[in-house]
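Computed from a predicted model, the values in this text were never measured in an experiment. Each residue takes its place number in the sequence, starting with 1. For ligands, and for the atoms within them, numbers begin at 1 and follow the listed sequence.
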Amino acid sequence: MKNFEKPKFNNPHLEDLDSYNRQYLESINSPDNFFLNKAIENLDWFVEPTLGFNNNFKNASWFEDGILNIAYNCIDRYAKKNPERKAIIWQGDERLQTKAITYKELLENVSILANGLKAIGVKKGDRVCIYMPMILEAAYSMLACMRLGAVHSVVFGGFSPEAIRSRIDDADCRYVITADEGIRGGKRVPLKKNVDIALEETNSVEKVIVKRYTGTETNWDSSRDICYDDLVSKQEKFCECVHLKAEDPSFILYTSGSTGKPKGVMHTTGGYLLGAHLTFKYIFGYQENKIFWCTADVGWITGHTYILYGPLSNGATTLMFEGVPSYPDASRFWQVCDDHKVNIFYTAPTAIRALIAAGEKYLESSSRNSLEILGTVGEPINPEVWQWYFEKVGKSSCEVVDTWWQTETGSVLISPIAGVTPTKPGSATLPFFGVIPSLVDADGKTLEGEAKGNLCIDQSWPSQIRTVYGDHHRMIETYFSTYKERYFTGDGARRDKDGYYWVTGRVDDVLNVSGHRIGTAEVESAIVEHKNVAEAAVVGIDHDIKGQAIYAFVILKKIEAGQANTYEEIIEQVSLSIGKIAKPEHIQFVRDLPKTRSGKIMRRILRKIANNNTDELGDITTLADPTIVDELIKGKA
Ligand code: PRX
């Protein structure tokens, strides 16, 4: 078939497309059996489950009578079998800063922290906020929570004090684990200071554990702050894993939606781990002694599932990178690949696009000979970018896997399986085991065959979101109410004649800026916090490197109110309320917004204006004031 890249890699877990088709059919026809077998074969249980799925998509449970622990599966079983195998290779911001720890050392480091946390009162079910740089202690913290059955809520180190505060409040966290500072791309990030500010207005936190990393002076509240190194120094080197039910929560991770504040997506212990484990094993064709590197931050779901839980539960060696692709220059990723002989590399299209823009010369200083599999995640990958990745980075000899998934799905749902699925540049190809994608039109009609529509998933999968923390109703509203009996992803997609999926991006008011998910409503409420702002509407514009950038239409309370300063201050306000990742690229001050007579903002029109698609504005006669459209076009930023 034309357009297909035939797989060359030998996947040790699946022979060919026929075996995929056979197993896929089995997985969707009898998911209970299929996943129970996989769960028992692949995970270590204290009590093996006999139950599969409970047949309730909106209140799903998987393996309900099984008992296990994620940390046991990620550490202990390999520390027993292969204690000297490298578990995590840490690569610091500077090339010479690197460290490798074995499974045995991982067990010790996680145990002493878990014992320390236990000593200060952390117990099963407690929520622990982790706001850490990309250092080994971030991994230890997450795994120590898992050992104790405490529920971690990792907050990305780039988020602002206000964003930390709202996440701590929402999950009612009693503990925070942080560091004095983080370092990234040569710059320091004041983590402890941000936590101090966040905690000024919240009462739930009792203890803050602080890793001394850069050694910089920070404020110290001795009734609340505990030094990480002191805490672990007096602890026993082994901590028993708490026995957890498969449906006990494992973590909460906040993500943006089209309305309101970020939602605390809650995942479980058994189903989540199985999803992480199986997708890592099959999709990347993992085999012993291969080095895996996922470039995400542990603050995102990709970091949870594919820096830690997927690789470690397979006994792999996972690389954790503190730096950025552009520091000290655009050859950094490839230098790290050569330095550590990385075999499987997983990154976001936005990073690849930035490296393409930097120029091919940055590829010349590395061989990248160790690479076998190249993965992408987070946004649609343009076919040209896919080709560049395949031809230039992988020298036309690696498999490219474009993996589609979400915070809510826990693990990859649509992706090629390396060495098995023939790929087409730009397509996430076919569903993983147990996943039934469907395309529906705006009225909920199922579209068959070649079609373009809204992407839904029609059957539960083990690592599906269980609830929105503290608000189960919101979960049902968000994912299960748009279309009956279906999980609605919020994405649009096309299915081609070969049944391949091409995910085109969000169809709701969620933006994807450099692979980071940002809700327009969140940015708007941050902007209106500025004292001069009366109203704001935010849309996404196409951006060559970021995928999307943020364009804000802002109505000031008084037009004459010092616009020049206000522009900068609004940007600053967004950084303070959310973080730098949500800063608008452009702000256009406007007299009014295109609204219907009932006052609803017509975002469709704003999107077209911001993207210079003014030829296709469509019907504007329903607007309360159609003249505003011309005014907005003329005043474009
Ligand atoms: O729009 C899709 C896009 O990222 C969204 C999920 O964002 P988040 O929960 O932050 O998780 C990102 C990492 C899993 C999706 O709704 N997305 C993710 N992967 C792809 C993608 N869009 C197209 N192709 C992908 N491979």
Side-chain angles (χ1 to χ4, degrees), residues 154-156 158-159 251-258 262-267 272 275-276 279-280 283 294-307 309-310 346-353 374-383 385-386 389 400-416 421 423-432 435 437 454-457 463-465 468 478-479 482 487-495 500-520 522 540 546-548 581-582:
V154 183
V155 176
F156 169 57
F159 277 126
F251 65 86
I252 301 169
L253 186 58
Y254 285 83
T255 192
S256 297
S258 51
K263 293 180 287 278
V265 171
M266 208 182 83
H267 282 291
Y272 169 76
T279 49
F280 177 81
I283 292 170
C294 162
T295 68
D297 188 285
V298 288
W300 308 111
I301 191 70
T302 310
H304 283 55
T305 308
Y306 298 106
I307 294 178
Y309 301 121
Y346 192 32
T347 195
T350 188
I352 308 169
R353 288 193 299 259
L374 300 172
T376 85
V377 57
E379 9 152 22
I381 180 162
N382 337 36
V385 175
W386 193 106
Y389 199 29
V400 175
V401 290
D402 171 7
T403 65
W404 175 86
W405 61 298
Q406 309 179 298
T407 305
E408 296 86 339
T409 68
S411 57
V412 176
L413 295 197
I414 305 180
S415 166
T421 319
T423 51
K424 300 187 195 187
S427 169
T429 75
L430 301 172
F432 191 66
V435 177
N454 293 335
L455 178 66
C456 293
I457 310 291
S463 64
Q464 87 164 69
I465 176 176
V468 165
T478 311
Y479 307 104
T482 318
Y487 168 89
F488 176 42
T489 63
D491 280 334
R494 182 165 70 79
R495 187 174 44 225
Y500 274 40
Y501 288 86
W502 303 71
V503 178
T504 48
R506 303 291 303 199
V507 291
D508 54 8
D509 288 323
V510 171
L511 307 178
N512 194 331
V513 180
S514 303
H516 298 148
R517 196 165 143 178
I518 299 168
T520 48
E522 270 174 85
K546 298 178 178 178
Q548 276 190 313
I581 54 169

Polar atom proximity, [X] to ligand 1 (N or O, under 3.5 Å):
X      : answer
Gly378 : yes
Asp402 : yes
Arg506 : yes
Thr407 : yes

Hydrogens and angles aside, do [X] and [Y] bring a side-chain donor and acceptor to less than 3.5 Å of each other?
X      : Y      : answer
Tyr254 : Thr407 : no
Glu408 : Tyr479 : yes
Thr421 : Thr429 : no

Starting from [atom], find the nearest protein heavy-atom neighbour and note its residue, name and distance.
atom                    : answer
atom 7 (O) of ligand 1  : Arg517 CD, 3.3 Å
atom 6 (C) of ligand 1  : Trp405 O, 3.7 Å
atom 2 (C) of ligand 1  : Asp491 OD2, 3.0 Å
atom 13 (C) of ligand 1 : Thr302 OG1, 3.3 Å

For ligand 1, which atoms, with element, lie under 4.0 Å from some heavy atom of [X]?
X      : answer
Val503 : 22 (N), 23 (C)
Pro380 : 22 (N), 23 (C), 24 (N)
Asn512 : 3 (C), 4 (O)
Val377 : 13 (C), 14 (C)

Inset, instruction - Under the side chain to side chain donor-acceptor pair (under 3.5 Å) rule, what do Thr279 and Tyr306 come out as? Steps first, then yes or no, please. - result: CA-CA 9 Å; Thr279 49; Tyr306 298 106; 2.6 Å; yes
Legend entry - Residues Tyr389, Thr347; criterion side chain to side chain donor-acceptor pair (under 3.5 Å); working and verdict: CA-CA 11 Å; Tyr389 199 29; Thr347 195; 5.8 Å; no
Legend entry - Side-chain donor/acceptor of Gln406 to backbone N/O of Thr489, under 3.5 Å: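 The answer is yes, because a donor-acceptor pair under 3.5 Å joins these two groups.
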Inset, instruction - Report yes or no: does a heavy atom of Gly490 sit under 4.0 Å from some atom of ligand 1? - result: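 Outside the 4.0 Å threshold, so no.
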Can you tell which part of [X] has a heavy atom less than 4.0 Å from ligand 1: side chain, backbone, both or neither?
X      : answer
Glu379 : backbone
Ala428 : neither
Thr403 : backbone

Inset, instruction - Indicate the ring-plane relationship of Phe251 and His304, choosing parallel, tilted or perpendicular according to the 30° and 60° boundaries. - result: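 If you compare the ring of Phe251 with that of His304, the planes turn out tilted.
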Inset, instruction - May I ask you to decide if the ring planes of Phe159 and Trp300 are parallel, tilted or perpendicular, using 30° and 60° as cut-offs? - result: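 Geometry flag for Trp300 against Phe159: perpendicular rings.
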Inset, instruction - Indicate the atoms forming the closest heavy-atom contact of Thr520 with Asp509, along with that distance. - result: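 Reported closest heavy-atom pair: OG1-O, 3.0 Å.
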Legend entry - Proximity of Tyr500 and Trp404 rings by center, below 6.0 Å: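 Centroid separation for Tyr500 and Trp404: 6.0 Å or greater.
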